[in-house]
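These values consider heavy atoms only, across backbone and side chains, with no hydrogens, waters or symmetry-generated copies. In this text, all values refer to a predicted model and were calculated from it rather than measured experimentally. One-based numbering, in listed order, for ligands and for the atoms of each. Position 1 is the first residue of the sequence; numbering continues from there.
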Amino acid sequence: MKIRTRFAPSPTGYMHIGNLRTALYEYLIAKAGGGDFLLRIEDTDQKRYVEGATDIIYDTLKMVGINWDEGPDIGGDFGPYIQSERKDLYAPYAHKLVELGGAHYCFCAEREKEYDAEGNEVICKFEDPCKRIPLEEARRRIAAGEPYTIRQTINKTGKSKYEDKVYGIIEIDYDELDEGVLLKTDGFPTYNFANVIDDHLMGITHVVRGSEYLPSTPKYNLMYDTFGWERPVYVHLPPVMKDAQHKLSKRNGDASFQDLLAKGYLPEAIINYIALLGWNPGTEQEIFSIKELEQIFSIDRLNKSPAIFDIVKLTWMNGVYIRNLPAEEFYRLAEPHLADMPANVDKRALAAALQPRVETFGQIAEQVDFIKELPDYTPELFVNKKMKTDIEVARKALPLIKEVLTAQTEWNNDALFAALKSLAEANGMKNGQILYPARIAFSGRETTPGGATELAVVLGKDECLRRIDTAIAKL
Ligand code: GLU
């Protein structure tokens with residue numbers, strides 16, 4: 001049978017890293033098995049609806065290269081793919097489930113849901129007294145216009161059992177399960193009902209989702225069984241953690257995909273990093289394109305221990321991707337971060353100096369701030385043991401450098417480097433005794449993106465000479 005998976009996000013307005021990982025694994029499971037990956041928007045919780053949120057979902061998936069075979073925008077044979085557009089389809093199944101004994105009509109006021117500290121719904125053991133109302137009587141009350149919901153009926157004895165591909169055999173007492181609402185008074189299904197109906201009608205073979213759904217899956221299985229439908233294969237994923245105790249959560253200000261993009265991480269690096277957040281290839285290889293992952297991904301290499309989101313590792317990986325970018329592409333992406341550079345700055349030379357030295361585009365601003373304005377510094381900055389420089393050396397070197405640079409006509413890295421190197425030689429000095437003072441004079445900083453001559457190209461001749469004068473005046 002052809003594998004079919006689906007990503008079923010609620011349009012909340014941002015893409016949580018855990019959700020993106022779920023989408024990725026669903027996509028890879030489908031593609032590695034030659035199957036189809038669907039996108040379904042779960043927007044039945046109208047209270048949580050956020051304007052523009054579906055676009056964020058589309059844009060994010062496209063940006064990282066997760067392409068869907070069926071979905072709201074491109075259609076498919078199993079649509080509609082937006083839950084609110086499927087509204088009329090659920091009620092007949094809910095009534096059918098009542099007939100089959102898997103649900104009942106309830107006339108109680110809706111109970112408020114409870115949530116834990118992480119914002120997950122607390123599963124309670126509610127047993128609904130309405131399930132004892134004889135069906136004929138319930139139907140009469142409905143015909144008389146009384147508002148009702150349809151709740152799941154659970155025979156509270158015995159144990160439920162199913163297999164999860166990551167967590168193994170899951171056994172839960174039926175007594176633990178809540179007789180929750182499946183169809184609300186307004187005719188909208190709850191998630192607990194819609195996911196079963198939709199996954200069945202859309203022919204989903206593998207349900208991949210967060211481990212928070214492990215405890216409610218027995219309720220879904222009861223429905224599959226009562227309808228006589230085949231249960232899907234379950235693949236529950238452990239949470240993505242911020243540290244050993246805490247889940248990564250937008251509520252606590254933790255990064256979403258959009259935040260990472262804004263900080264200058266590349267989509268390719270983010271998705272590569274996320275792929276390894278709970279799955280391993282079984283080799284030492286760490287850098288993967290999504291196309292490579294499509295070839296090698298396998299469910300049996302999913303890990304059930306929670307993965308800790310390690311920003312240091314992601315930053316390292318992003319650096320690898322940045323260094324591998326064609327220079328032209330790096331320049332295109334770096335340019336917006338160089339928008340406030342003075343007009344005389346050679347941005348291409350600056351980008352070339354930055355590319356091997358930044359791990360995110362967000363680091364650029366801090367690396368180049370000295371270009372806009374020379375920071376105030378004290379003469380002690382010229383002291384550097386390794387370079388064999390001190391204030392005396394700088395006093396000697398800077399006027400010589402000024403002379404050479406004033407006479408210099410060819411203003412590029414190689415020519416400048418050759419000129420300063422022969423200056424050192426001619427004066428019996430080490431290269432560093434010329435280059436280091438020059439670099440300090442140009443930048444006012446101990447560490448810079450590039451050496452003295454690279455900075456000179458970026459700053460241009462006039463600015464370099466001005467900065468040398470400033471340095472001489474300090475000494
Ligand atoms: N809309 C649900 C969520 O965002 C989908 C869960 C599932 O994949 O079934 O958590």
How long is the span from the CZ atom in Arg21 to the CG atom in Leu248, to the nearest 0.5 Å?
-> 10.0 Å
Glu212 near ligand 1 by a heavy-atom separation under 4.0 Å = no
Taking only non-hydrogen atoms of Tyr191 and a 4.0 Å limit, the atoms of ligand 1 in range are 2 (C), 5 (C), 6 (C), 7 (C), 9 (O)
Atom 8 (O) of ligand 1: the protein heavy-atom neighbour that sits closest, reported with distance to 0.1 Å | Arg6 NH1, 2.8 Å
When you look for heavy atoms under 4.0 Å from ligand 1, do you find them on the side chain of Phe7, its backbone, both, or neither?
-> neither
N/O separation below 3.5 Å, Ala8 to ligand 1 | yes
Only residue of Lys131, Arg151, His104 satisfying side chain to side chain donor-acceptor pair (under 3.5 Å) with Glu179 is Lys131
Should Lys125 and Glu127 count as an ion pair when the cut-off is N to O under 4.0 Å?
-> no
Report, in ascending order of atom number, the atoms of ligand 1 lying under 4.0 Å from any heavy atom of Tyr213.
-> 2 (C), 3 (C), 6 (C), 10 (O)
So, do Arg231 and Tyr162 sit near enough that their side-chain heavy atoms are less than 4.5 Å apart?
-> yes
Just checking, any donor-acceptor pair under 3.5 angstrom between side chains of Tyr321 and Asn272?
-> yes
Those atoms of ligand 1 less than 4.0 Å from some heavy atom in Glu42 | 1 (N), 2 (C), 5 (C)
Any salt bridge between Arg4 and Asp199, counting N to O under 4.0 Å?
-> no
Ligand 1 to Ser10, heavy atom cutoff 4.0 Å, flagged ligand atoms 1 (N), 4 (O)
Examine Asn195 against ligand 1 and note whether any of their N/O atoms are separated by less than 3.5 Å.
-> no
